[in-house]
Amino acid sequence: MRTRPPGARPRTNPSTAAARTMRVRLLQGLSLLATGLFAGAFAYGAANLVPTFNAVPVGLRLDFHTESMKANGITVQGGMAVSTLSSLALAALTRGRGRLLASVAGILTLASFLITRFGNVPINGRIKQWAATAPPPDRAEILRRWELFNYARTLTALAAFALLTFLALRRTAPVPRPGRTRLGLVSLMDGVAPIEGGRTTRTG
């Protein structure tokens with residue numbers, strides 16, 4: 001019976017490695033999809049909705065803004081939460097530059113969430129009150145702050161999407177479990193067979 005030399009690592013189970021690779025790919029797809037959706041929504045709003053808001057009468061803007069935020073409050077923030085969690089989970093399953101890119105993407109999506117939650121959402125509440133009553137004299141300054149928050153969260157979302165896109169285009173290897181190494185391909189036709197410790201010996 002062949003024994004493993006001292007200090008040698010046991011072989012990796014191919015089925016385990018395949019399962020971990022599949023989890024990495026699924027998380028890559030989920031994070032890229034969720035981030036792309038809300039980054040695209042922010043970019044569309046910054047490029048199209050905000051100029052439209054500024055071109056119509058204030059009363060019409062307030063009514064439209066209030067109604068649109070009712071749906072966005074759930075879908076957009078939910079997408080940001082999925083994006084952040086999936087990006088950080090992806091970082092935990094990858095290594096090297098892949099882990100760095102996924103971590104930064106997760107931090108950027110988290111930044112988008114925080115900007116929305118503590119910047120845009122409170123102003124949305126005030127705009128809702130204005131639509132039911134009357135806007136205050138300093139409404140232009142408050143609306144300008146909302147637009148600045150919107151531009152900031154759009155930039156962080158697009159940056160996260162760009163990082164995840166780059167990460168998806170490069171090969172990302174899952175983190176091996178402690179004490180395990182990846183199996184290389186061995187050509188049995190050449191008479192090469194693996195032995196313990198990752199070395200090879202020629203048979204025959």
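For clarity, every value in this text was computed on a predicted model and none was experimentally measured.
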Response to the item:
Heavy-atom nearest pair, S112 first then A157, reads OG-N, 3.3 Å
Practice prompt. Give the C-alpha distance, both sets of side-chain angles, the deciding distance and a yes or no for salt bridge (Lys or Arg N to Asp or Glu O under 4.0 Å) between E141 and R144.
Written response: CA-CA 5 Å; E141 176 62 23; R144 189 182 70 85; 3.0 Å; yes
Item to complete: With the side chain counted from C-beta on, respond yes when N124 and H65 share a heavy-atom pair under 4.5 Å apart, and no when they do not.
Response: yes
Response to the item:
Between G45 and P51, the two heavy atoms sitting closest are O-CD, 4.5 Å
Discussion item. Between R139 and L62, is there a side-chain heavy-atom distance shorter than 4.5 Å?
Written reply: no
Discussion item. If hydrophobic clusters are built from ILVMFWY residues whose side chains come within less than 4.5 Å, do F42 and F113 share one?
Written reply: yes
Worksheet item: How far apart are the closest heavy atoms of D63 and A131, and which atoms are they?
Response: OD1-CB, 3.9 Å
Worksheet item: Should V50 and I115 be regarded as members of a common hydrophobic cluster, given that ILVMFWY residues are connected when their side-chain heavy atoms come within less than 4.5 Å of each other, either directly or indirectly?
Response: yes
Item to complete: Calculate, to the nearest 0.5 Å, the distance between atoms OG1 and CG belonging to T165 and L101 respectively.
Response: 11.0 Å
Response to the item:
Smallest heavy-atom separation, G79 atom then A34 atom, equals O-CB, 3.9 Å
Discussion item. I want to check something: taking the side chain as every heavy atom from C-beta on, are I127 and M69 in contact at a cut-off of under 4.5 Å?
Written reply: no
Worksheet item: Could you state the interatomic distance from CG (L26) to OG1 (T21), rounded to the nearest 0.5 Å?
Response: 11.0 Å
Discussion item. Would you compute the distance between atom CD of Q77 and atom OG1 of T116 and round it to the nearest 0.5 angstrom?
Written reply: 6.5 Å
Item to complete: Decide whether L114 and I107 are clustered together by the hydrophobic rule: side chain heavy atoms of Ile, Leu, Val, Met, Phe, Trp, Tyr closer than 4.5 Å, transitively.
Response: no
Fill in: CA sep, side-chain torsions, deciding dist, call: T94, R99, side chain to side chain contact (heavy atoms under 4.5 Å, CB included)
CA-CA 5 Å; T94 53; R99 171 172 290 180; 3.9 Å; yes
Worksheet item: Roughly how far, to the nearest 0.5 Å, is the CD atom of Q28 from the CZ atom of R23?
Response: 13.5 Å
Worksheet item: With a 4.5 Å limit on heavy-atom distance, are the side chains of E147 and F53 in contact?
Response: no
Fill in: Same apolar cluster (I L V M F W Y, side chains within < 4.5 Å links), L148/I142
no
Item to complete: With rounding to the nearest 0.5 Å, note down the distance linking CZ in F38 to CG in L158.
Response: 9.0 Å
Worksheet entry | Derivation and outcome, side chain to side chain contact (heavy atoms under 4.5 Å, CB included), residues R170 and R97 | CA-CA 10 Å; R170 66 187 294 273; R97 182 177 295 182; 3.9 Å; yes
Worksheet item: Transitively linked via ILVMFWY side-chain contacts under 4.5 Å: L90 with L110?
Response: no
Item to complete: Determine the minimum heavy-atom distance between A160 and T109, stating which atoms define it.
Response: CB-CG2, 3.6 Å
Item to complete: List the atom of L27, the atom of S86, and the distance in Å for their closest heavy-atom pair.
Response: CD2-O, 4.2 Å
Discussion item. If we ignore hydrogens and angles and just use 3.5 Å, is the side chain of T84 paired with the main-chain N or O of A81 as donor and acceptor?
Written reply: no
Item to complete: Rounded to the nearest 0.5 Å, what's the gap from OG1 on T66 to CZ on R61? Could you check?
Response: 10.5 Å
